[in-house]
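Only a predicted model underlies this, so the values are computations on that prediction, with no experimental measurement involved. All ligand and atom numbering here is 1-based and tracks the order in the structure.
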Amino acid sequence: MPLQKNQIIPLAIDSLSSDGSGVGRWQGEAVFVPGAVPGDRLQVRIVKSCKRYAFGRIEQADERGPAYLAPDCPVFAPCGGCCFRHLRYADELAAKQGFVADAFRRLGGLELPVRPILPSPQTDRYRNKVQLPVQAGLDGRPRVGFYAGRSHRLVPCEDCLLQPQLLSQIAAAACAQMARLGISAYDEASHTGLVRHLLLRQGAHSGQVLLCLVVNGRSLPRAEEFCEAMQRRFPAIRSIQLNLNTARTNVILGPECVLLTGQPQIEDEMCGVPVALGPLSFYQVNTPAAEQLYEAARVAAALGPGESLLDLYCGMGTIGLAITGPDQPLVGVEVIGEAVGAARRSAAKMGRDNARFLCADAGQAAALLAKEGLRPKVVVLDPPRKGCEEQTLAAVAAMSPERVVMISCNPATAARDVRWLAGQGYRAEYVQPADLFPRTRHVEAIVRLQKDHL
Ligand code: SAH
């Protein structure tokens with residue numbers, strides 16, 4: 001008989017799923033339990049039962065496995081942003097190593113060496129960007145927190161351990177100023193009230209902070225007083241902006257920003273590449289770990305003197321600019337115009353007149369560049385989670401580069417794409433996993449593919 005909702009069963013956990021849940025078996029059926037680790041012996045309440053698997057919640061822990069760590073965050077369970085706060089970091093790394101190896105073996109059908117995962121230099125407070133929903137508490141005062149998983153119920157949280165303490169302090173002070181100045185929090189149900197989210201960024205190297213209030217409106221009442229109070233208390237704040245989002249939508253940011261005070265962008269750098277960051281820029285959130293990733297990409301690309309690079313899905317151009325030198329021609333392709341502008345400005349600041357950036361779809365641009373006769377020595381691919389389109393991979397193969405360096409935040413689609421390239425004569429030499437998002441389920445991987453000369 002299948003498991004019933006609310007049934008309580010004894011369960012021994014023997015593995016971790018790739019979303020960070022512990023997995024045990026009950027009469028052949030897999031039961032997924034968030035917050036559980038291998039070796040746990042638990043009483044589990046079934047919360048959802050499907051045909052061949054079920055989801056449970058820990059009712060009581062009779063015994064904990066050796067990798068268990070008491071979570072150090074009071075909202076670990078309801079928040080759901082972290083899924084590995086109850087596991088020793090070494091075991092989290094081992095699990096992520098396993099997810100990557102598994103994806104390539106099972107989904108890609110590829111046997112290739114998986115190098116030891118690169119740990120993140122910091123496991124807490126590593127995020128350089130945070131987006132915090134704002135809601136009025138019962139006392140009517142605005143407060144920040146996180147939405148509980150798959151809902152818009154606010155779990156109040158003043159100090160998330162993934163974000164710099166300074167950003168927590170700034171968010172709390174912003175809420176206090178809103179209360180003092182009568183600036184209201186947004187209410188989703190009635191689509192009234194003003195401030196929907198706070199977006200904060202801090203340059204990991206520069207320390208500069210950008211504060212952006214996402215508002216259901218076009219202006220902020222008593223904006224001068226707000227800015228003055230915030231800047232007086234936090235000199236690191238270099239930019240205060242509004243992002244206008246008056247739509248009834250789940251999408252956090254609207255397209256338009258209005259500068260209230262300071263610079264439109266803060267400055268930072270990544271592997272020595274100068275970058276300017278606005279509220280809408282895409283930027284790797286864990287700077288020191290991303291710098292390690294870029295270094296691994298540089299090693300994988302192994303560009304010689306004068307050899308050229310094509311960087312597809314280049315964002316603000318940071319990878320390409322970091323791993324090529326002044327004598328190595330670079331072409332970057334990215335679909336978001338703002339990011340392309342930022343890449344061009346970084347290149348100009350570095351005096352890189354051999355670097356050019358195109359605003360286009362990666363596949364279309366690659367096909368065009370191939371037709372024009374571009375023959376880069378190495379192609380870097382860093383697609384979003386859904387991976388590359390076949391047209392893009394075909395255009396890359398048509399350019400016949402010596403090496404392809406695939407960087408991916410989704411091992412499953414990377415395995416699929418690497419397999420496709422293998423069919424075009426590109427041998428995957430190794431996978432290098434890297435942990436850019438400690439405590440969360442996400443893992444990054446670099447694959448080096450070498451053209452077979454048969
Ligand atoms: N390489 C960059 C960004 C990687 S994220 C870095 O390391 O920071 C993936 C990027 O691909 C995003 O900037 C996204 O805007 C871009 N992108 C998504 N779909 C695209 C497409 N079809 N063509 C070109 N770029 C695309």
query = So which pairs with a foot in residues 332-351 pass side chain to side chain donor-acceptor pair (under 3.5 Å), sequence neighbours left out?
reply = none

key: side-chain hydrogen bond (donor to acceptor under 3.5 Å, both in side chains) evaluation trace for Arg352 with Thr324   = CA-CA 10 Å; Arg352 288 289 305 270; Thr324 56; 2.8 Å; yes

task = Begin with the C-alpha distance, continue with both residues' side-chain angles, and end with the deciding distance and a verdict on side-chain hydrogen bond (donor to acceptor under 3.5 Å, both in side chains) for Thr318 and Tyr294.
result = CA-CA 9 Å; Thr318 39; Tyr294 285 12; 2.9 Å; yes

query = With sequence neighbours left out, which residue pairs that include part of residues 263-273 fulfil the side chain to side chain donor-acceptor pair (under 3.5 Å) condition?
reply = Asp268-Tyr283

request  = Give every residue pair that meets the side chain to side chain donor-acceptor pair (under 3.5 Å) criterion with at least one member in residues 242-258, sequence neighbours excluded.
outcome  = Arg218-Glu256

message = Strictly under 4.0 angstrom, heavy-atom based: which residues surround ligand 1?
response = Phe282, Gln284, Tyr294, Tyr313, Cys314, Gly315, Thr318, Ile319, Glu334, Val335, Ile336, Ala360, Asp361, Ala362, Asp382, Pro384

query = When Glu92 is tested against each of Arg441, Arg85, Arg439 for salt bridge (charged side-chain N to carboxylate O under 4.0 Å, His left out), which residue passes?
reply = Arg439

